[in-house]
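Just so we're clear, the structure is a prediction, and the values are computed from it rather than from any experiment. Sequence lines set the chain letters: A, B, ... in the order given, protein chains first and strands last, and positions in each chain run from 1.
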2 protein chains.
Amino acid sequence: MKKKSIKDIAQELGYSKTTVSFVLNNKGDEKNISKKTQEKILAYVREVNYQPNQIAKSLKKGKTNTIGYLVPDISNPFYAKIGRLIEDLLADKGYHLIIGSTDETQEKEDLLLNMFVNRQVDGLILASSFENLGMLNTLTSQRFPMVFFDREHPDFLGNYILVENKKAMKNAVQKVIQQGAKKIGLLSITPNVYSLKLRIDGYREALSDSNIHIEDRLIRIVDNNNLKESTKAQLQYLMEEQVDAVVFTNNQITAQAIWAMNIFHKEKIENVKFVSFDNLDLFDYSKPKVTSVAQPIEKIANYTVDILEEVMNEKERISKRIVLEPKLIERL
Amino acid sequence: MKKKSIKDIAQELGYSKTTVSFVLNNKGDEKNISKKTQEKILAYVREVNYQPNQIAKSLKKGKTNTIGYLVPDISNPFYAKIGRLIEDLLADKGYHLIIGSTDETQEKEDLLLNMFVNRQVDGLILASSFENLGMLNTLTSQRFPMVFFDREHPDFLGNYILVENKKAMKNAVQKVIQQGAKKIGLLSITPNVYSLKLRIDGYREALSDSNIHIEDRLIRIVDNNNLKESTKAQLQYLMEEQVDAVVFTNNQITAQAIWAMNIFHKEKIENVKFVSFDNLDLFDYSKPKVTSVAQPIEKIANYTVDILEEVMNEKERISKRIVLEPKLIERL
DNA sequence: TCGATTTAGTAAAACGGTTTAGTAAAAATA
DNA sequence: TATTTTTACTAAACCGTTTTACTAAATCGA
C-alpha cells in the first residue's frame with residue numbers, strides 16, 4: 001500500500017488538491033472552505049493517517065526546517081552535550097539537527113559544508129577549525145545563516161558565541177603558580193586552531209607574568225588521530241622532565257592524561273597539578289587534582305539558538321559576538 | 001545573487017535542462033551528448049560553482065540519503081560514540097545522519113519517528129524504549145527499513161544488533177560474588193525497558209545461583225530526569241544498607257555513582273565493588289573498582305550499518321538478529 | 001429585481017530536479 | 001539513391017506540495 005498523497009485524498013473525497021491543502025494548513029476559514037467540508041477532510045485524513053511529504057513541502061517553501069551541526073567530533077562530550085541542548089531548543093521551534101564531524105580537517109569540513117548547503121539546511125551551527133576561510137567566506141557573502149561557537153578566527157567576521165579563552169586560561173594557570181608550581185608543561189591538540197592558540201597564549205602570559213621562563217619543549221602537541229597513545233607518550237616526556245603541573249587545552253586530552261597518570265605514573269600523582277579547559281564531572285574526585293575552566297554550556301546553547309534564529313529572520317546582515325564568562329573551578 | 005538552477009544553466013548555455021541534467025549525472029556518453037557539449041557544460045558548471053538542490057533530487061528520486069538515528073540521549077557517551085562510528089560508515093556510502101533524543105519517553109519517540117518518516121529518511125537506526133509498539137508495528141508493516149540496537153522487545157520482530165544482556169550481566173555479577181560479595185545492591189534507570197530488565201534478571205540469576213537471597217529493596221530505580229541527585233540518593237540508601245557491591249545497568253549511572261562515592265562515601269570506597277554494564281575509560285583507574293561489561297561498539301556500528309544497507313536494498317522482508325559477545329573486564 | 005459581494009471551491013503554475021518518449025539531422029548501409 | 005541507423009539533443013511529464021488567479025453559484029443591498 002503506497003503512501004497517500006494530497007492528490008489521492010482529494011480524488012477519493014471528490015475535492016481538489018487545493019481545497020485539501022488549504023484545510024490541512026488551517027487556512028480553511030480564511031479561504032472560505034465550508035465547515036462541513038473541512039470536517040470531512042480532516043476526518044478522512046485522520047482515518048487514513050495521512051502524513052505530508054516534508055520533502056515536497058521543503059522544495060516548494062524553500063525551507064527544510066533542518067539545521068546543520070558541524071563540530072570536530074560529535075562523540076566529544078563537550079560537543080555532544082551542547083548538541084543535545086541545541087537539539088531540544090530547536091525541536092521546540094520545529095527544527096531538527098543533521099550532524100557532521102570534521103576531525104579538525106578542512107577537507108571533511110568543506111565536504112560537509114557543501115553537503116549541508118546542498119541539502120538546503122536553513123542554518124548552520126559550527127565549531128569550525130577555520131583552517132581555510134574560502135568556503136565560509138562564500139557562504140557569508142551569500143548571507144547564509146551561520147553561528148559559530150567554541151572556535152573563532154581573527155580574520156573571519158561572523159556570529160560568534162565564545163568564551164574568553166586567553167584570559168580564562170591565564171587565570172587558571174595563575175592559580176597553580178600561586179600554589180607553587182614552577183615547571184609547567186602544556187599538552188594540546190593542533191594549535192592551528194586559533195581558539196586553542198589563544199588558550200596556549202593564556203598559559204604563556206601566566207608564566208611570563210610570574211617571571212617563569214617559557215620553555216617551548218614543554219609545550220607538546222598530541223596527535224589528534226591517536227589521542228590515547230599520543231597523550232600517553234607526551235605525558236611521559238613531561239613526567240621525565242619533572243614538571244609540577246600540566247596544562248591541557250581541552251577536556252579530552254585531560255581525561256586521557258588522567259588515565260595515563262593513574263596507570264603509568266601513579267607515584268607522581270600527588271605531586272602534579274592539572275589545569276584543564278572544559279570541565280568534566282570526574283574532575284571533582286580524580287587524581288591528579290584538576291583546576292578547570294568550565295564553559296557555560298547551557299548559555300552557549302541558548303545564545304547559539306537565539307542568534308541563529310535572529311540571523312535566519314533578519315534580512316540585513318548582522319554580526320554579533322557574544323563572549324561569555326567561563327567559570328574557574330579551583331581544585332588545589 | 002540567487003542560486004543557479006539547472007534551468008538557468010541550460011538557458012545561459014543554450015541547451016535544454018535535459019542535456020544539462022544528463023551531463024551532470026555522468027550519463028553524457030550513454031545519452032549521446034557530444035564530448036564538446038559535455039565539456040562546455042562541465043566547465044560552465046564549475047565556473048559558476050553550481051550546486052544541485054538535493055531536496056528537488058530527493059523528491060523526484062524518492063530517496064533522501066538521510067538516515068534517522070534515534071536514541072534515548074545523544075549526549076550519552078555510549079550513543080554518542082556509536083553515533084560517530086555510524087556517521088563515518090554511512091558518510092562513505094553517501095548517507096547522512098539526522099538525530100533525535102527520546103529521553104526514554106514514548107511521546108518523544110513517536111514524535112521523532114513521525115518526523116523522520118515525514119522527512120522521508122531512507123532508514124532508521126534506533127535504540128527504542130519499546131514502551132508502545134504501535135508506531136513501530138505500523139512502520140514494519142510498511143516495510144520501512146529499520147535496524148534496532150542496544151534495546152529489544154520480546155514481542156517485536158525486527159532487525160536487532162544486540163549483546164547477551166542477561167548472560168553478560170550474570171557473568172559479571174558472579175565475579176564479584178566469587179570475590180566474596182554477599183550483599184549486592186542494584187541501581188537502574190527505568191526497568192520498563194526490556195533490555196534493562198534482562199540485565200536485572202542477570203543480576204537476579206547470579207544471586208540465586210549462589211544462594212544469595214534477593215532483596216527487592218536493594219534494587220533501586222533512579223529518576224532519569226534527575227540522574228545526578230537521584231543516583232546520589234539511591235546510592236546513599238544502599239550505603240546505609242551496608243552493601244558490599246553495587247550493580248549498575250548502564251554506564252551513565254555508574255559514572256554518577258563513582259562521583260557520589262568519591263564525594264560522599266570516601267570512607268567506604270575500598271570496601272565496595274561496582275559492576276557496570278558498558279565500559280568507560282575511567283573505570284581503568286577509578287575507585288571503587290569497577291568490573292564492567294564492555295559492549296563491542298565498533299562491531300555494533302558495523303553490523304548496524306551493514307544490516308541497514310541490506311534491508312534498504314532487499315525487497316523481501318528480512319529479520320536478522322545478531323547477538324554479539326560483550327567483553328567482561330574484571331577489575332577486582 | 002439587478003448589480004455587487006460573498007461563499008465555496010478549482011485549475012494551473014511553481015519549486016528544481018530526473019526521466020520517458022520523442023525528433024531532426026547526419027552517417028551508414030543496401 | 002532510398003532506407004535504416006546513429007548521433008545529438010529536447011519537450012513534457014513527473015515527484016508532492018503550495019499558492020495565485022480564477023469561476024460559478026448563492027446571498028445581499030437598494
Counting just side-chain N and O atoms, does [X] come under 4.0 Å of either OP1 or OP2 of [N]?
X: B/Asn32; N: D/dT6; result: no
X: A/Ser21; N: D/dT18; result: yes
X: B/Thr19; N: D/dT10; result: yes
X: B/Lys27; N: C/dT18; result: no
X: A/Tyr50; N: D/dT17; result: yes
X: B/Thr37; N: D/dC9; result: yes

Of the listed nucleotides ([options]), which one gets closest to any side-chain atom of [X]?
X: A/Thr18; options: D/dA12, D/dC15, C/dT10; value: C/dT10
X: B/Lys57; options: C/dT18, C/dG16, D/dT10; value: C/dT18
X: A/Ser5; options: D/dT17, C/dG17, D/dA8; value: D/dT17
X: A/Lys17; options: C/dG9, C/dA13, C/dT20; value: C/dA13

In whole angstrom, give the distance that lies between atom [atom1] of [X] and atom [atom2] of [N].
X: B/Gln54; N: D/dC15; atom1: CD; atom2: C1'; value: 15 Å
X: B/Lys7; N: C/dA14; atom1: NZ; atom2: C1'; value: 9 Å
X: A/Glu30; N: D/dT18; atom1: CD; atom2: C1'; value: 13 Å
X: A/Lys36; N: C/dG9; atom1: NZ; atom2: C1'; value: 15 Å
X: A/Ile9; N: D/dT18; atom1: CD1; atom2: C1'; value: 16 Å
X: A/Asn65; N: D/dT18; atom1: CG; atom2: P; value: 13 Å
X: B/Ile55; N: D/dC15; atom1: CD1; atom2: C1'; value: 13 Å

- Residue whose closest nucleotide on DNA chain D lies nearer the 5' end, B/Phe22 versus B/Lys60: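 Result of the comparison: B/Phe22.
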- Nearest nucleotide by nearest heavy atom, which residue falls closer to the 5' end of DNA chain D, B/Lys61 or B/Ser34?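 Result: B/Ser34.
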- When the nearest nucleotide of DNA chain C is assigned to B/Asn53 and to B/Lys31 on a heavy-atom basis, which residue is associated with the more 5' position?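 The residue whose closest nucleotide sits nearer the 5' end is B/Asn53.
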- Task: Quick one: label A/Leu59 by what it contacts on the DNA or RNA (base, sugar-phosphate, nothing), any heavy atom closer than 4.0 Å.
- Result: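 Touches a base.
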- For A/Gly14, report the nucleic acid contact type (base, sugar-phosphate, nothing); a contact means any heavy atom under 4.0 Å.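 A/Gly14: backbone/sugar contact only, no base atoms under 4.0 Å.
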- Message: Is any side-chain heavy atom of B/Ile82 closer than 4.5 Å to one of B/Tyr69?
- Response: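 With C-beta onward as the side chain, the pair touches.
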- Item | N/O donor-acceptor pair under 3.5 Å between A/Ser21 side chain and A/Lys17 backbone |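 Flag not set: sc A/Ser21 to bb A/Lys17 has no pair under 3.5 Å.
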- Is the A/Phe156 ring parallel, tilted or perpendicular to the A/Phe148 ring (thresholds 30°, 60°)?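 Plane angle over 60°, so perpendicular.
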- Parallel, tilted or perpendicular for B/Tyr194 and B/His153, by the 30°/60° rule?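 Rings of B/Tyr194 and B/His153: tilted, 30 to 60°.
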- Query: Is it the case that A/Glu109 and A/Asn132 place a side-chain donor and acceptor less than 3.5 Å from each other?
  - Reply: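 Their side chains do not contain a donor-acceptor pair, so the 3.5 Å distance test is not met.
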- Query: Going by distance alone, is a donor N or O of one side chain under 3.5 Å from an acceptor N or O of the other, for A/Asp150 and A/Tyr79?
  - Reply: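 Yes, side-chain donor-acceptor contact under 3.5 Å.
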